[in-house]
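Note that the structure is a prediction, hence the values are computed from the model and not measured. The chains referred to below are lettered A, B, ... by the order of the sequence lines, with proteins before strands, and numbering in each begins at 1.
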Amino acid sequence: MKRNSLRIVEAALFSAGRPVSVDEICDATNLGKKEVTSAISSLMEEYKLRAENDDTAIEVSKAGEKYAMQLRAEYTEYGKKLSGMEVPKRLLKTVALIAYYQPVEQSEMKNMVGSSIYEHVRELEQMGFIKSKKHGRTKILELTTYFYEYFGFETTDREKIKEYLKEKIKRTK
Amino acid sequence: MKRNSLRIVEAALFSAGRPVSVDEICDATNLGKKEVTSAISSLMEEYKLRAENDDTAIEVSKAGEKYAMQLRAEYTEYGKKLSGMEVPKRLLKTVALIAYYQPVEQSEMKNMVGSSIYEHVRELEQMGFIKSKKHGRTKILELTTYFYEYFGFETTDREKIKEYLKEKIKRTK
Amino acid sequence: MKEEIISHILMQKEDAARKDKIEEYIEMAGNSSMYLKDPFDRAIALTFDLVMEEQLDPWDIDLVSFSRLYLKRVKNSGLIDLITAGRIILMAWKVLKLQSDRVVSSLEEKEEEEDEWGEIPDWYMEDDGYFYTRSVIENGPPIEEKIRRKGERKVTLIELINAFEEVRNEIKIKEKRRKSRLEQQEKFMENAGKAAGENAHQENIEEEIKLILGRLSKLNGRAMPITEICDIHNKEELVMTISSLLFLTREEKIIMWQEDFPYGMIYIKKVHHHEEK
C-alpha cells in the first residue's frame with residue numbers, strides 16, 4: 001500500500017511539470033497529507049539512490065515550500081532544446097507587437113491581430129507581461145516591469161526593447 | 001559511455017513532454033542516430049523492468065513513429081488534475097469513431113454523431129487529430145500522424161488500431 | 001372581479017408564497033392597463049402585461065382558460081369592441097410566443113448538454129461497427145489522453161524577436177491580401193455598373209415578358225421547372241427570366257415556388273382564370 005502511494009505521488013509530480021505543494025498533491029490524488037509527505041521523502045530517497053549509480057537523469061527535490069520532479073543538474077543542457085516555451089507562440093507574437101508599439105490602444109492592436117486580441121490581452125495580463133488602463137471606449141496597453149525583468153532588461157532601459165525590435169526590421173528589409 | 005547516453009536520451013525525453021523523433025533527439029543531444037536508437041531501446045527495457053516491480057509510474061514508449069515518456073496507464077488518473085487534460089469527452093468519442101471507421105465520409109459520421117459533427121470536425125482539425133479532404137459534397141475524414149503520437153499508439157496501421165479499439169471495448173463491457 | 005378573472009386565467013398551482021407574489025405584482029402594475037375602460041378587459045390585459053414585463057412566468061398563464069372565458073363574454077354581451085379585442089388577442093399571442101420560446105430554448109439547452117448523438121443507422125447492425133459505435137456513444141471512448149510532463153522553460157529574447165519578425169510578416173501579407181481584395185471588389189463594382197448601364201438600354205421589359213408568356217403558353221396548367229424555359233447557366237438570361245416571372249407573379253398570372261430553399265428548383269405554374277380570358 002505504501003509502495004502504491006509512492007507511485008501515485010510520482011505520477012502527480014511528473015504530470016505537474018512544475019513545483020507543487022503538498023496540498024495540491026493531496027487534492028489531485030485524494031491521498032492524505034501524511035501519506036503524501038512520507039511518499040515524497042521516500043521518492044526523494046529513491047531517486048537519490050538511483051542518481052548515485054547514474055541510473056536516472058531525473059530527481060525529486062524541494063523548491064521553497066513545494067516539490068518538483070526535474071532534471072539533475074548534470075543533464076539540464078540536454079533538455080533545453082526540446083522543452084516547450086512557457087509563453088505560447090501566439091501570445092509571444094502579440095506581446096512582441098505591443099513591445100514595439102507601446103503605449104498602444106487595444107483597438108489599434110485589434111486591427112493588426114484580429115479579434116483574438118481580447119483573449120490575448122487577458123492572458124498576457126494574467127501572465128503579468130502587460131498592463132492596461134481604460135481610455136474612453138478602448139484600453140491603452142503597455143509592458144510591465146516584469147516583462148523587462150523576464151527578458152533581462154534593466155527596468156530603466158524601456159526604450160531598449162524597441163530598439164532591438166527596430167534593428168530586426170531594418171536587417172530583414 | 002553507453003550508460004551515459006542512456007541518461008542523456010532520458011533527459012531529452014523528460015524535457016520534451018511530447019513524442020519526439022530520433023532525429024529530434026539527435027539534434028538536441030548531439031548524439032548519433034545509432035546511439036540514440038540503442039539508448040531508446042535500453043530505456044524502454046529499463047522502465048519496463050521497473051514497472052514489473054511497480055518501481056515506477058512512468059514508461060518510455062513508442063508513440064506513432066516517435067517516442068515519448070509518459071505515465072503508465074494505471075496511473076493516468078492521478079495525473080489528470082495536475083496536467084490538465086485537453087480533449088473534451090465529446091470530442092474523444094467522435095475521434096474514437098473516426099479512428100474506427102477511417103477513412104470515413106463526414107456525412108456518414110453525421111448519421112452517428114448528429115449535426116454537431118461539423119463543430120467536432122472543425123475542433124478536431126484545429127487540434128491536429130484529423131485531416132479532411134473534399135469529396136463531392138462531403139468530406140473524407142482520417143486521422144493524422146499526430147493523433148497516433150498524442151494518444152500513444154505504438155502503431156499507425158489502421159487495421160491494427162481497429163483491432164485494438166475493438167478489444168478495448170470488449171474489455172469495458 | 002379583477003382578482004377573480006386573473007386567478008381564473010392563471011394556472012392553478014398550490015403555492016401560497018407564489019400567489020402572494022403575483023398579487024403583489026398586480027398591485028404594482030395596477031395602472032398600466034388603464035386605457036381599457038371595461039374592467040374585464042383591463043383585468044386580462046393587466047395579467048398579460050405582467051408577463052410582458054417579465055413579472056410573471058408566461059407558463060403561469062392558462063391560455064385555454066383565457067380563450068374560453070373570452071368567448072363566453074363575447075357570446076353573453078353580444079357586443080365587442082374590436083380594437084380592444086384585437087389588442088387582447090395580440091397580447092395573448094405574445095404570451096403564447098413567450099411560452100413557445102421558453103420550450104424551444106430549454107430544448108436547445110438540453111441538446112447542448114447531451115450533445116445530441118444521432119440514432120445509429122440500421123446498416124451498422126450488420127457488422128462489429130455497430131457494437132463499437134454503440135459502446136463509444138453509450139459507455140464512452142476507448143481512448144485516453146496520455147499524460148506527459150508539461151514542463152516549460154522561459155522564453156529567450158531571441159525567441160521574442162523572432163516572433164516579432166514572424167508576426168510583422170504575417171501582418172504585411174494580410175494587408176496585401178486585403179488591398180488586393182478591395183481592388184478586385186472595386187473593379188467588379190465598376191464592371192457591374194457598366195453592365196447595368198448597357199443593359200438598361202437593351203432592356204425592353206414588355207418584350208421580355210411577352211417572350212416568357214409565349215414560352216409559358218405551352219404549360220396547359222402544368223407546373224414546370226424554370227430550367228425548361230430558360231438556360232439557367234446563362235446568368236443574363238436567368239436574371240431577365242426571373243424578373244419577368246416576378247412581374248407575372250405580382251400580376252397573378254402565374255404562381256412560382258421553390259422546393260428546398262435556398263438551392264432547390266424553382267417551379268412555375270400558370271394561373272387558370274387568366275387563360276380563360
Completion exercise
Looking only at heavy atoms, the pair that brings A:Met85 and C:Val155 closest together is CB-CG2, 3.9 Å
Fill in the blank from the handout: Sorted by chain and number, sequence neighbours left out, side chain to side chain donor-acceptor pair (under 3.5 Å) with C:Thr156 holds for C:Glu159
Problem - Note, A:Ile161 side chain near C:Leu157 side chain (heavy atom, < 4.5 Å) - result: yes
Practice task
For the residue pair C:Arg149 and A:Met69, establish whether any side-chain heavy-atom pair is separated by less than 4.5 Å.
Solution key: no
Practice task
Could you list the residues that satisfy side chain to side chain donor-acceptor pair (under 3.5 Å) with A:Lys33, not counting sequence neighbours?
Solution key: A:Asp23
Practice task
Please list, in residue-number order, every residue in residues 95-112 of chain A that has a heavy atom less than 4.5 Å from any heavy atom of chain C; write 'none' if there are none.
Solution key: A:Val95, A:Ala96, A:Leu97, A:Tyr100, A:Tyr101, A:Met112
Problem - C:Ile158, CD1: over 12 other non-hydrogen atoms inside 6.0 angstrom - result: no
Problem - Heavy-atom contacts under 4.5 Å, residues 122-138 of chain A to chain C - result: none
Problem - Contacting region of A:Leu13 [heavy-atom separation from chain C under 4.5 Å] - result: neither
Problem - Residue part contacting chain A, namely of C:Ile171, when any heavy atom lies under 4.5 Å - result: side chain
Completion exercise
Looking only at C:Ile161, C:Leu160, C:Ile147, C:Asn162, most heavy-atom pairs under 4.5 Å shared with chain A are made by C:Leu160
